[in-house]
Asks: 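Starting off with a structure, shown below.
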Amino acid sequence: MTSTDYATAPAVTLTIAGSEATGGAGAQADLKTFQQLGTYGIVALTCIVSFDPKENWNHRFVPVEPQVIADQLEAVQECYRGRLDTVKLGMMGSPATIGTVADALKGQDWRHVVLDPVLICKGQEPGHALDTDEALKAELLPLATFVTPNHFEAEQLSGLSIRDEDGLAAAAKRIHELSGAAVLAKGGVRLAGGDAVDVFYDGETLEVLRAPKIGEVAVSGAGCSLAAAITAELAKGATPLEAARTAKAFVTRGIERRVESNAPFDALWQG
């Protein structure tokens, strides 16, 4: 390829995340979002998650061995060395996975590390989940340049109780203080009012992003797709605030066109 060919080639975006078998969330949602927004998507899988229709659609969680994760990341980073500088971190699932991913990330320089801090999975034991949460805060949060916590995750990361828009803004500011990263704290359908409210804060600019709520129930894949859309836009050269605005609009459209199924939840459609 010539230098001109490389200049017109798509930005490369990596997601390090879990597989979600129904296609609504996780790596499947990330790759569809990357494709829709014009970047070349790659995935390194951390775990396999499938909902159990016989057990109230709770998660069945199977981790990928740390060495297999390390092997995937070695291949990706060597293959695209010099072109890959933007990564999204999704479901990790264990302290061992987090350590493996953190070590791999430290092996090169990154322009953007977008952390979707998935702190719970119903298929995990409570004690194991707590250890995972602590490892994420200690090892991945300091590497992040952009963090996208939902209501629960924003409370856990900030240590604050979030009851309204002001509380969400306070949590976004606190998470920025802890990490140095830009933050998009997601209120979604969990805050009272007619709008789904998210708060962006990067240490200088605070902006509230609003869109009319579409129902009162969360849609599978909304959080994954939001972080993936931010990742894609950053890779293409958008500022963090521009990326947040585009991602919010992208997810709102995806919720409007959501996919119904036999599960007790709908899934966002990235198309």
Asks: Measure the spacing between CD of E134 and CD of Q156 and express it to the nearest 0.5 Å.
Replies: 9.0 Å
Asks: Determine the minimum heavy-atom distance between T148 and E153, stating which atoms define it.
Replies: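 Heavy atoms only, the tightest pair is O-OE1, 4.2 Å.
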Asks: Would you name the heavy atoms of A96 and P66 that are closest together and state the gap between them?
Replies: CB-CG, 3.9 Å
Asks: How about E256: does its CD atom have over 12 heavy atoms from other parts shown lying under 6.0 Å from it?
Replies: yes
Asks: Can a side-chain donor-acceptor contact be found between Q35 and T33 if the only test is distance below 3.5 angstrom?
Replies: no
Asks: Looking only at heavy atoms, which two atoms of L268 and S225 are closest? And how far apart?
Replies: CD2-OG, 3.5 Å
Asks: Check this for me: does any side-chain nitrogen of one of D52 and R60 sit under 4.0 Å from a carboxylate oxygen of the other?
Replies: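 Answer for the salt bridge query: yes.
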Asks: Please indicate whether Q108 has more than 12 foreign heavy atoms, meaning atoms of other residues, nucleotides or ligands, lying under 6.0 Å from its CD.
Replies: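 Yes.
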Asks: Less than 4.0 angstrom from a charged side-chain N to a carboxylate O is my criterion; do R190 and E155 meet it?
Replies: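 No salt bridge links R190 with E155.
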Asks: Considering all heavy atoms of both residues, which atom of D266 and which atom of R258 are nearest to each other, and what is their separation?
Replies: OD2-NE, 3.1 Å
Asks: How close do W57 and N262 get, counting heavy atoms only, and between which atoms?
Replies: CZ2-O, 3.8 Å
Asks: Would K213 and D195 pass as an ion pair if we require N to O under 4.0 Å?
Replies: no
Asks: Considering only Ile, Leu, Val, Met, Phe, Trp and Tyr, and joining two whenever side-chain heavy atoms are under 4.5 Å apart, list the other residues clustered with L160.
Replies: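 ILVMFWY cluster around L160 holds nothing else.
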Asks: Looking at every non-hydrogen atom in both residues, tell me the closest pair between T97 and M92 and how far apart they are.
Replies: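 Distance-wise, the nearest heavy atoms are CG2-O, 3.6 Å.
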Asks: Give a yes or no answer on whether the side chain of E233 reaches the backbone of A247 with a donor-acceptor pair at less than 3.5 Å.
Replies: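 No.
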Asks: If you count heavy atoms of other groups shown closer than 6.0 angstrom to CD of E74, is the number above 12?
Replies: no
